[in-house]
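Before any comments, here is the structure.
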Amino acid sequence: MTLEEGLRVKLARDLRLAGALVAAGDDSMPTDTETETETGSDTEPGTDDLVVGGSLSLASGAEGTVERVHDHRDREVRQSHGAREYVRLKSLLDDFGHQMPPETLRQLEEQIGSLEPEWIAHQGRKLRVTVRVRLDNGFVLDDVHEDLFTVSDA
């Protein structure tokens with residue numbers, strides 16, 4: 001399924017977002033020293049621009065609108081050595097396999113089989129489509145895989 005800009009979608013599964021929060025733009029976020037309680041707290045140097053956010057959960061079914069679709073299939077994905085070798089050996093097998101002695105053919109097929117997982121991983125990187133979705137509750141999910149969403153009924 002390829003989503004399009006402007007399409008209404010909903011989350012297909014529950015999401016849990018965890019980690020540190022960083023202020024967007026020029027707005028500064030309160031630091032640990034600014035929000036310090038009476039018990040006091042020691043902050044590490046260099047962490048003034050971070051506030052630990054804990055976690056946020058978004059329930060499946062939360063609806064929103066697709067703002068942007070980034071199709072990674074159009075860009076050239078650099079092949080690893082194993083993926084290039086798979087293509088080379090597969091081409092050799094397809095072109096000359098019928099002329100090869102049985103033992104050589106068996107060895108070639110084994111080499112191709114051992115490189116196949118790397119080739120499949122390379123193909124998977126080429127088929128990636130990510131989206132930016134603004135949910136109705138105001139949250140924005142950016143650079144997330146399109147499979148996290150289904151088309152909304154509304």
Side-chain angles (χ1 to χ4, degrees), residues 1-37 39 41-94 97 108-154:
M1 165 184 64
T2 300
L3 301 177
E4 299 174 3
E5 290 181 22
L7 186 66
R8 294 285 298 164
V9 293
K10 62 182 174 182
L11 279 172
R13 62 181 81 146
D14 292 346
L15 293 182
R16 181 174 175 266
L17 309 168
L21 302 176
V22 179
D26 295 333
D27 298 337
S28 63
M29 293 183 70
T31 63
D32 289 341
T33 55
E34 293 171 359
T35 58
E36 189 174 293
T37 63
T39 60
S41 98
D42 295 330
T43 60
E44 296 179 22
T47 60
D48 289 345
D49 58 346
L50 294 179
V51 174
V52 175
S55 68
L56 168 74
S57 295
L58 297 171
S60 64
E63 296 191 5
T65 305
V66 177
E67 291 186 341
R68 182 178 60 231
V69 177
H70 190 221
D71 192 346
H72 301 269
R73 293 179 292 194
D74 295 338
R75 70 181 169 101
E76 189 64 31
V77 176
R78 185 176 176 167
Q79 289 182 345
S80 66
H81 173 72
R84 284 192 309 274
E85 187 68 3
Y86 175 87
V87 171
R88 186 184 75 78
L89 294 176
K90 186 73 170 136
S91 177
L92 183 66
L93 176 66
D94 293 343
L108 182 60
E109 288 172 340
E110 285 177 4
Q111 285 180 310
I112 291 171
S114 69
L115 294 169
E116 193 166 9
E118 202 165 337
W119 175 249
I120 291 170
H122 170 73
Q123 292 297 97
R125 286 189 298 270
K126 287 176 61 173
L127 300 177
R128 187 166 175 246
V129 176
T130 59
V131 294
R132 176 186 174 102
V133 175
R134 183 172 302 274
L135 298 175
D136 294 344
N137 62 10
F139 289 112
V140 176
L141 297 175
D142 196 8
D143 198 30
V144 294
H145 199 279
E146 70 173 347
D147 290 345
L148 286 176
F149 299 96
T150 58
V151 178
S152 180
D153 300 331

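Sequential numbering from 1 along the given sequence is applied to the chain's residues.
- Atom CG of Leu58 sits about 6.0 Å away from atom CG of Leu15, to the nearest 0.5 Å.
- Of all non-hydrogen atoms in Ala83 and Glu118, the two that sit nearest each other are N-OE2, 3.9 Å.
- In this structure the side chain of Glu4 never reaches within 4.5 angstrom of the side chain of Val66, judged on heavy atoms.
- Within the 4.5 Å cutoff, no side-chain heavy atoms of Arg134 are placed close to those of Thr65.
- With a 4.5 Å cut-off on side-chain heavy atoms, Lys10 and Asp153 count as touching.
- With hydrogens and angles ignored, the 3.5 Å screen pairs no side-chain donor or acceptor of Glu146 with any backbone N or O of Val129.
- How far NZ of Lys90 is from CD of Glu116: 8.0 Å, rounded to the nearest 0.5 Å.
- For the pair Ser114 (side chain) and Gln111 (backbone), a donor-acceptor distance under 3.5 Å is present.
- By the 4.5 Å heavy-atom criterion applied to side chains, Arg8 and Asp136 are counted as neighbours.
- Within the 4.5 Å cutoff, side-chain heavy atoms of Leu141 are placed close to those of Phe149.
- Here the straight-line distance linking atom NE2 of His81 with atom CG of Leu115 works out to 8.0 Å at 0.5 Å rounding.
- Using a 4.5 Å heavy-atom cutoff, the side chains of Val9 and Val131 are not in contact.
- When side chains are defined from C-beta on, Val133 does not count as touching Leu11, because their heavy atoms never get closer than 4.5 Å.
- Atom CZ of residue Arg13 and atom OG of residue Ser60 lie 10.0 Å apart, to the nearest 0.5 angstrom.
- Expressed to the nearest 0.5 Å, how far CH2 of Trp119 lies from CG of Leu89 amounts to 12.0 Å.
- Distance check, rounded to the nearest 0.5 Å: CG of Leu3 to OG1 of Thr150 gives 9.0 Å.
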